[in-house]
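What follows is a single structure, written as C-alpha cells, with notes after it.
A, B, ... follow the sequence lines: proteins, then strands. Residue 1 opens every chain.
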2 protein chains.
Amino acid sequence: MISLRQLRYLDALATHLHFRKAADAVSVSQPALSMQIKELERDLGVMLIERLPNRVRLTREGEEVAARARAILTDVQDLHDYARQAGQPLTGPLRLGIIPSIAPYLLPRILPVLSSAHPELRLTIRETLTQALTEELQEGKLDAIIIALPADTAGLISEPLFEDRFLLARCASDTLDRDRRVLPDDLEKENILLLEEGHCLRDQALNYCQNVSTAGGNTLGATSLATVMQMVAAGYGVTLLPEICADFEVRDERVTLLRFADPQPARTVGLVWRKSSPRSKDFGILVDTLRKTVGKAGCRLAG
Amino acid sequence: MISLRQLRYLDALATHLHFRKAADAVSVSQPALSMQIKELERDLGVMLIERLPNRVRLTREGEEVAARARAILTDVQDLHDYARQAGQPLTGPLRLGIIPSIAPYLLPRILPVLSSAHPELRLTIRETLTQALTEELQEGKLDAIIIALPADTAGLISEPLFEDRFLLARCASDTLDRDRRVLPDDLEKENILLLEEGHCLRDQALNYCQNVSTAGGNTLGATSLATVMQMVAAGYGVTLLPEICADFEVRDERVTLLRFADPQPARTVGLVWRKSSPRSKDFGILVDTLRKTVGKAGCRLAG
DNA sequence: GATCTCTCATAAGCGTATCTTATCGGGATG
DNA sequence: CATCCCGATAAGATACGCTTATGAGAGATC
C-alpha cells in the first residue's frame with residue numbers, strides 16, 4: 001500500500017537526485033530512504049529511479065510518478081493548512097439561535113464586541129421560540145442557542161450568562177409610590193398582559209403569578225413585547241418586563257417601571273450547545289465574552 | 001504527520017458514519033480506526049467528527065477535510081494505476097538506435113513482429129553511426145541501440161542477436177567459379193569499395209583486408225551500401241557485403257555474391273543498453289523476440 | 001427503573017514495519 | 001593502486017499500529 005511517506009521521500013529524491021542529500025532533506029538516514037523508494041517501486045511494479053554510478057536519474061515513469069506525488073503532497077499540505085486554520089476558535093460560520101424576548105435587546109450589545117474580538121467569526125442569527133431552537137440545535141441546524149435556562153433536554157450543555165430580573169411595567173397614571181417595591185399580592189387585582197403561547201417569558205410570568213394566586217390573568221397573547229408595552233401604556237394592564245428590555249421598550253412616558261420585592265422574579269439567560277459539539281472550547285470562550293459584555297451593560301441596568 | 005492511512009479511515013468513516021462499519025470496510029478493528037481518526041484530529045487541531053450517542057456526524061471541517069481526503073485518495077489511486085500500467089514490459093515509448101548498415105534490412109523484418117507482440121510499444125527509431133548512438137545511449141537520449149559488437153564502453157550491457165557473415169560482392173562478368181570459396185589472398189589484387197568514415201562496417205572490412213595485407217584498398221567512402229553496390233555492379237571494384245543485406249541489395253544481375261572460405265569474416269550484431277537501465281527486463285524480452293525473428297530469416301539467408 | 005445492548009473510547013500486550021548504525025561492493029578519482 | 005563517494009545490505013533497536021479485552025455513557029426494553 002502506497003504511503004505518503006514514500007511520496008515524500010520520492011519527492012525529495014526527485015529534487016536532489018541524490019540519496020544521501022534527499023535523506024538529509026527529509027531527516028532520515030540514507031538507508032531508510034533507499035528502502036522506502038525500493039518498496040514504492042516494488043509496490044508500483046516499475047523502476048522509478050535509474051541508479052547510475054555517479055548520479056541518480058529518474059526514469060520516464062519516475063518523472064511522471066514524482067510529478068503526481070508532488071501534486072498529491074501539495075493537496076495534503078493544503079488540507080493540513082485548511083484544517084489548522086479552521087481549527088482556530090471562534091472562526092468561520094457559527095449558527096446562533098436566540099429567543100425573541102432576548103434577541104433584539106442583547107444583539108446590539110454583543111455583536112460589535114464579537115465582531116471586533118473575533119473578526120473571522122461569521123455569525124448567523126436565527127430568532128424563534130425555545131422549543132424550535134432546541135430541536136434545531138439537536139438536529140445540528142444550529143451550533144448554539146441563547147435561551148432562558150434551564151434547557152432540560154438531555155445531551156445539552158448550558159452555561160448561564162446573566163440573571164435577568166423582571167420589572168413590573170404599568171401605566172404611569174396609576175397612583176402608586178414609585179419607590180415602593182411591588183409585592184406579589186399587588187398583582188392579584190391586575191390585568192396581566194402576556195406574550196402568545198410558546199414564549200418562555202409567558203410561562204415564567206404565569207409561573208410567578210400562579211405562585212401568588214393571581215386571579216385576573218389575561219392570557220390574550222401578543223406577538224411581541226413592543227406590542228405588550230403599547231397595551232400597557234394604553235392602560236390595558238400590566239406586564240412583567242425583563243430588565244434587559246427596559247432601555248428599549250420604556251421610552252413611553254405613560255409607562256412606569258417598578259421593581260419587585262425580594263425575592264425578585266427573574267430568568268437566567270444562558271448559552272446552550274450540544275454536549276457532543278466539537279466546538280465546546282469555542283463556546284466556553286463565547287460565554288466568557290458574553291458575560292463580560294453583558295456584565296458591563298448589566299451594571300448600567302442595575303443603576 | 002498526516003498519513004494516507006488516516007485519510008483512508010476518514011473516508012470510510014465519512015461514508016458509513018459509523019465507526020464499527022467503517023472499521024469493517026477498511027478491515028481493521030474499531031479501536032484502530034478510532035485512534036487513527038483521533039490522531040488525525042489532534043494533528044489538524046480540529047474536531048472532524050461529532051460523536052453523538054446514537055450516531056456519528058461530520059463537523060463542517062470534517063466534511064471539507066473528508067472531501068479533500070477523497071480527492072487525494074483518488075489521485076493516489078490514479079498514480080498507482082498509471083505506474084502499474086506503465087510498469088508492464090515493453091509498453092510505452094522506447095527509443096531505439098540502429099546503425100545504417102543494419103536498419104533498412106533488419107527493421108522490415110522485426111517491426112511487424114514487435115508491433116503484433118507488443119501492441120502498446122511505441123518505438124522511436126534513430127539511425128546513425130555507432131559512436132553517436134553510443135553517446136546518446138549513455139546520455140539517456142536512447143534506451144537501447146542495435147550495433148555491431150563489441151560495444152566496449154563501460155556501463156553498457158550487450159547481448160548478441162545474430163552473426164552476420166560477410167559475402168564478397170563482385171561484378172558478375174568476372175570469370176570466377178561461383179561455387180569456389182573466396183580466400184583472403186583473392187582480395188590482394190582487388191579494388192575494395194567501402195563506406196565513408198565512421199561506419200563500423202568500413203572498419204570491419206578494412207580489418208579483414210589488413211589481415212590479408214591487401215594493397216589496392218580504395219578508401220573513397222560511399223554514404224550507403226546501395227551506392228557501393230551500384231559501383232560494384234558497374235565494375236569499379238568489390239566489397240564485403242553483410243549477409244543480412246543480400247536480399248535487398250543484390251537484385252542487379254551484374255553482381256555476384258561469393259562466400260568466403262572459413263573462417264568467414266563476420267560481425268556480431270547485438271542489442272546494447274545501459275547496465276543501470278530500469279528496463280533491463282524489457283530488453284531481455286526484446287532480445288529473445290529479435291533472436292527468434294532474425295533466426296527464421298537467418299535460415300532463409302543461409303539457404 | 002433495572003437491565004441489556006449499542007455506541008465509541010481506553011488499556012494492555014504484541015507484532016511488525018521502520019528506523020538507526022555499521023558494513024559492503026562498485027565505480028570514479030587522484 | 002589507494003582513496004573516496006555512492007547506494008545497497010545487514011542487524012539490532014525503536015516505535016507505531018494492530019488486536020483483544022474492557023470501560024463508560026446513552027437508549028431501548030421489559
Given A:Gln138 and A:Thr134, is the side-chain hydrogen bond (donor to acceptor under 3.5 Å, both in side chains) satisfied, shown in steps?
-> CA-CA 6 Å; A:Gln138 291 185 310; A:Thr134 305; over 6 Å; no
B:Lys275 has a side chain; which of D:dA8, C:dG27, C:dC8 sits nearest to it?
-> C:dG27
Give the nucleotide from the list D:dC6, C:dT7, D:dA8 with an atom nearest to the side chain of A:Lys38.
->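 Of the options given, the side chain of A:Lys38 lies nearest D:dA8.
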Look at atom CD of A:Gln131 and say whether more than 12 heavy atoms of other residues, nucleotides or ligands are closer to it than 6.0 Å.
-> no
Ignoring backbone atoms, test whether B:His18 places a side-chain nitrogen or oxygen under 4.0 Å from the OP1 or OP2 oxygen of C:dC6.
->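 For C:dC6, neither OP1 nor OP2 has a side-chain N or O of B:His18 closer than 4.0 Å.
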Taking OP1 and OP2 of D:dG7, is either one under 4.0 Å from a side-chain nitrogen or oxygen of A:Ser34?
-> no
Could you state the [atom1]-[atom2] distance from [X] to [N], rounded to the nearest angstrom?
X	N	atom1	atom2	value
A:Arg20	D:dC6	CZ	P	5 Å
B:Ile37	C:dA9	CD1	P	9 Å
B:Asp43	D:dG17	CG	P	11 Å
A:Leu4	D:dG17	CG	P	12 Å
B:Ile49	C:dT7	CD1	C1'	14 Å
B:Arg51	D:dA26	CZ	P	16 Å
A:Arg42	D:dA8	CZ	C1'	17 Å
A:Lys21	D:dG7	NZ	P	9 Å

Would A:Asp81 and A:Gln85 satisfy side-chain hydrogen bond (donor to acceptor under 3.5 Å, both in side chains), going step by step from the backbone distance to the final call?
-> CA-CA 6 Å; A:Asp81 293 347; A:Gln85 203 285 332; over 6 Å; no
Are A:Glu50 and A:Arg57 close enough for a salt bridge, meaning some N to O gap below 4.0 Å?
-> yes
Lys/Arg-Asp/Glu bridge criterion (N-O < 4.0 Å) met for A:Glu64, A:Arg60 =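 Looking at A:Glu64 and A:Arg60, the cut-off is not met.
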Listing time: all N or O pairs from protein to nucleotides 18-21 of chain D that are below 3.5 Å?
from, atom 1, to, atom 2, distance (Å)
D:dC18, OP1, B:Arg5, NH1, 3.4
D:dC18, OP1, B:Tyr9, OH, 2.7
D:dT19, OP2, B:Ser29, N, 2.6
D:dT19, OP2, B:Ser29, OG, 2.8

Is there a donor-acceptor contact under 3.5 Å from the side chain of A:Asp75 to the main chain of B:Ile72?
-> no
Can B:Glu163 and B:Arg267 be said to form a salt bridge (charged side-chain N to carboxylate O under 4.0 Å, His left out), step by step?
-> CA-CA 6 Å; B:Glu163 285 287 308; B:Arg267 60 179 180 179; over 6 Å; no
